[in-house]
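Input: a single structure, listed below in C-alpha cells.
A, B, ... follow the sequence lines: proteins, then strands. Residue 1 opens every chain. Computed over heavy atoms, backbone and side chain alike; hydrogens, waters and symmetry mates excluded.
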There are 2 protein chains.
Amino acid sequence: MTETPRPLRADAVRNRRALLAAAADEFAERGLDASIADIARRAGVGKGTVFRHFATKDDLIAAIVIDRMDALNAAGERLLAEAPDAGVALREFLSIAAEQRQQRDLSFLQQAGDLSPEVTAVRTRMYDTIDRLVEKAHASNAVRRDVTGTDVILLMCAPNYVVSYVPDAPPDLWRRYLAIIFDGLRPEGAQPLPHPPPTATA
Amino acid sequence: MTETPRPLRADAVRNRRALLAAAADEFAERGLDASIADIARRAGVGKGTVFRHFATKDDLIAAIVIDRMDALNAAGERLLAEAPDAGVALREFLSIAAEQRQQRDLSFLQQAGDLSPEVTAVRTRMYDTIDRLVEKAHASNAVRRDVTGTDVILLMCAPNYVVSYVPDAPPDLWRRYLAIIFDGLRPEGAQPLPHPPPTATA
DNA sequence: CAATAAACGGACCGCCCGGTCAACTTGCTA
DNA sequence: TAGCAAGTTGACCGGGCGGTCCGTTTATTG
C-alpha cells in the first residue's frame, strides 16, 4: 500500500535541515509573520526551494511543531521509565518543557499549524504521556487528586507566558512561576476547585 | 500652555465611539491583523475617517488599551477603598481582570501599542494600584511574603492564557486555574521561591 | 439661512506577502 | 562518463494591507 518514496538527494536533505533550523530561528525572532523570503535567505537557498520542501507556509510550521513535540514526548517517556519519584518526574518534565520554550518561544505556532493529521497524532501521543505522568503523581500523592492530566497540559506553558511580559527577563525567571504554580498543585490544604475540568483537547 | 482644543462635532464623537467599539470587536475576533478596512466597515464609516481619528493603526490600538486599563484600574481603586478583606479584594481584582479578558481577549494588543507615553502612564498607575492591593494582602497574611506586586501582575492573565488552549472553553473555566494559581500564592507551607522577583516592568 | 470650517468617504498609491513556473544546475546510476 | 530525473532558482503574479488625498457633505454659528 505505502508507496516506495525514493530517498532524497544528498543536497536536498541538507537543505531541508537548514530550512527547518532557519525557519525556527526566524519565527522565534520575528513571530508568526516571519516571511518565507527571509527564511530562505537565512537558510542560504532560493525561495522556490522552500516551497519544494513544504508546499505551504502552514506545512512548514507543522513540520517544526512536530519536531518539537516529538522531542518533548521522548523526554516524558524517559522520565516515566527512569525517574524514581513521580512528583519529581512531573516537575522535571514541566521544567524541560519550559526550558525548550525559553530558548525559542514558538508557542504561537501551535495554534497555526493545527489541521494536519500528523500534528494531531503526535500531540495525542504527548498528551497521553502527560496523563501517565500525572497518574503516577496521583498514586504517590504528589499532586492533588482533583487536578487532571488536561489541567497540567494547560498549565504547562504558563510559566513562560508569565515571563514573556518582562522585557529583558533573566533566562531562569520562569522557575519562579513554575514553583508558584506547582505549589498550587499540591494536595495539602487544597479546597475543591470551582469548575469541572475540561475534557481532553481534541 | 495647553492649546484650546475646539470641541468635537457631534457626528465626530459618535463615530469615534463606534470606531473604538468596532475595533475592539474586530481585534477580538480576528486578532492583531484585523484590517482597518474591516473595522471601518463594521463601524459604518469610510476608511479615511478611521485615520482622521487615529493617525495610525498603532494609535488606534493604544486608545483601546488605554480604555481597558483605565476601567481595570478604577475597579482596583474601588476594591482598595471598599473591600473589608484584603485577600478577598486581591482575588476579586484578579477575577475582574479575567472576566474582562474572557469577554474579549485583547491581550496581544498590550505588546503592540506600547510606545505611547499615555499607555505607559496609565499602566504605571494600574501597576501601582496592584502593588497596594498586594501590600494589603501581605499585611493581613493572605499572600506569602516572598510574592511581590510584580509577581501578581505577571500572573494576572495566566488563567485566561491557560484556558485559551481549550477550543470551546466554557466561559467560567478560568476560575479553575485562578483557584490553582491563587492557591500557589498562599503562605501555608510555602518553600522559598527559586529565583529573585523581577523588578517593576518599566 | 448663509457661510465656513470640520468631518467624511473612497479611489488611489506603494509595498510586501505567499505562492507559481519555466529555465537551469546537479547528484545519482548504469 | 553520459544521461536524466531530481532539485534549485529568482523573476513574476494577484491580492490585501496601511496610509494619503481631495472633492463632497454636514454640523455649527452669528
Side-chain angles (χ1 to χ4, degrees), chain A residues 3-27 29-65 108-109 111-116, chain B residues 3-27 29-65 108-109 111-116:
Chain A
E3 295 290 327
T4 57
R6 297 261 186 79
L8 283 181
R9 239 167 61 175
D11 55 344
V13 256
R14 203 183 333 120
N15 282 338
R16 189 175 207 279
R17 248 193 282 275
L19 232 17
L20 241 16
D25 286 341
E26 200 69 21
F27 279 128
E29 284 175 21
R30 312 250 188 228
L32 184 57
D33 43 356
S35 80
I36 296 286
D38 284 348
I39 291 171
R41 199 171 311 128
R42 187 164 191 153
V45 303
K47 205 166 72 152
T49 303
V50 182
F51 288 102
R52 160 159 278 265
H53 287 279
F54 309 98
T56 187
K57 192 178 182 179
D58 282 336
D59 285 357
L60 172 57
I61 290 172
I64 296 173
V65 169
F108 46 88
L109 296 186
Q111 323 240 41
D114 222 346
L115 337 167
S116 140
Chain B
E3 296 290 328
T4 57
R6 297 260 186 80
L8 284 181
R9 240 167 62 173
D11 54 345
V13 263
R14 204 181 334 122
N15 281 340
R16 189 174 206 280
R17 249 194 281 275
L19 233 18
L20 241 17
D25 286 343
E26 200 69 21
F27 279 128
E29 286 175 19
R30 312 248 188 228
L32 185 56
D33 42 357
S35 80
I36 297 286
D38 284 347
I39 290 170
R41 199 172 311 129
R42 187 164 190 150
V45 303
K47 206 166 73 152
T49 303
V50 181
F51 288 101
R52 161 159 279 266
H53 287 280
F54 308 97
T56 188
K57 191 179 183 179
D58 281 336
D59 285 356
L60 172 57
I61 290 171
I64 295 173
V65 170
F108 47 87
L109 296 186
Q111 322 240 40
D114 223 345
L115 336 167
S116 140

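- Atom pair B/Asp33:CG and D/dG18:C1' shows a separation of 13 Å (rounding to whole Å applied).
- In this structure, B/Ile36 CD1 and B/Thr49 OG1 are separated by 12.0 Å, a value rounded to the nearest 0.5 Å.
- Checked against salt bridge (Lys or Arg N to Asp or Glu O under 4.0 Å), B/Arg30 has the following partners two or more places apart in sequence or in another chain: B/Glu26.
- Looking at A/Thr56 and A/Ile61, their side chains never come closer than 4.5 Å, going by heavy atoms from C-beta outward.
- Taking for each of B/Ala55 and A/Val50 the nucleotide of DNA chain D with the nearest heavy atom, the 5'-most of the two is the partner of A/Val50.
- Going from atom CZ of A/Phe51 over to atom C1' of D/dA11 covers 14 Å, rounded to whole Å.
- Between B/Arg42 atom CZ and B/Asp25 atom CG the span is 4.5 Å, to the nearest 0.5 Å.
- Spacing between atom CZ of A/Arg14 and atom P of D/dA6 amounts to 19 Å, rounded to whole angstrom units.
- Considering only heavy atoms from C-beta on, B/Asp33 stays 4.5 Å or farther from A/Asp33 through its side chain.
- Put simply, CG on B/Leu8 and NE2 on B/His53 are 7.0 Å apart, with the number rounded to the nearest 0.5 Å.
- From A/Asn15, atom CG reaches atom CG of A/Leu20 across 12.0 Å, with rounding to the nearest 0.5 Å.
- Taking atom CG of residue B/Leu32 and atom P of nucleotide D/dG16, one finds them 19 Å apart after rounding to whole Å.
- Residue A/Thr49 is in base contact, counting any heavy-atom pair closer than 4.0 Å across all strands shown.
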Salt bridge (Lys or Arg N to Asp or Glu O under 4.0 Å) assessment of A/Asp38 paired with A/Arg41: CA-CA 5 Å; A/Asp38 284 348; A/Arg41 199 171 311 128; 3.0 Å; yes
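- Contact annotation for B/Ala34: backbone-only contact, meaning every heavy-atom pair under 4.0 Å involves sugar-phosphate atoms and none involves a base.
- If you walk DNA chain C from 5' to 3' and mark each nucleotide with an atom closer than 4.0 Å to a heavy atom of chain A, the marks span C/dC17 to C/dC28.
- Annotation: the span from A/Arg52 atom CZ to A/Leu19 atom CG amounts to 12.5 Å, rounded to 0.5 Å.
- What separates CZ of A/Phe54 from P of D/dT8 is a distance of 11 Å, to the nearest Å.
- Summary of the strand contacts: A/Ala37 and A/Gly48 both lie near DNA chain C, and taking for each the nucleotide with the nearest heavy atom, the more 5' one is attributed to A/Ala37.
- In this structure, the NZ atom of A/Lys47 is 18 Å from the C1' atom of D/dG7, given to the nearest Å.
- Across all strands, B/Lys57 comes closer than 4.0 Å only to sugar-phosphate atoms, never to a base (heavy-atom distances).
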Quick one: which protein N/O atoms are closer than 3.5 Å to N/O atoms of nucleotides 24-26 of chain D? Pair and distance per line, please.
unit_1: D/dT26; atom_1: O2; unit_2: B/Arg9; atom_2: NH1; d: 3.2

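- If you measure from atom CG of B/Leu8 to atom P of D/dT29, you get 13 Å, rounded to the nearest angstrom.
- Spacing between atom CD1 of B/Ile36 and atom P of D/dC17 amounts to 10 Å, rounded to whole angstrom units.
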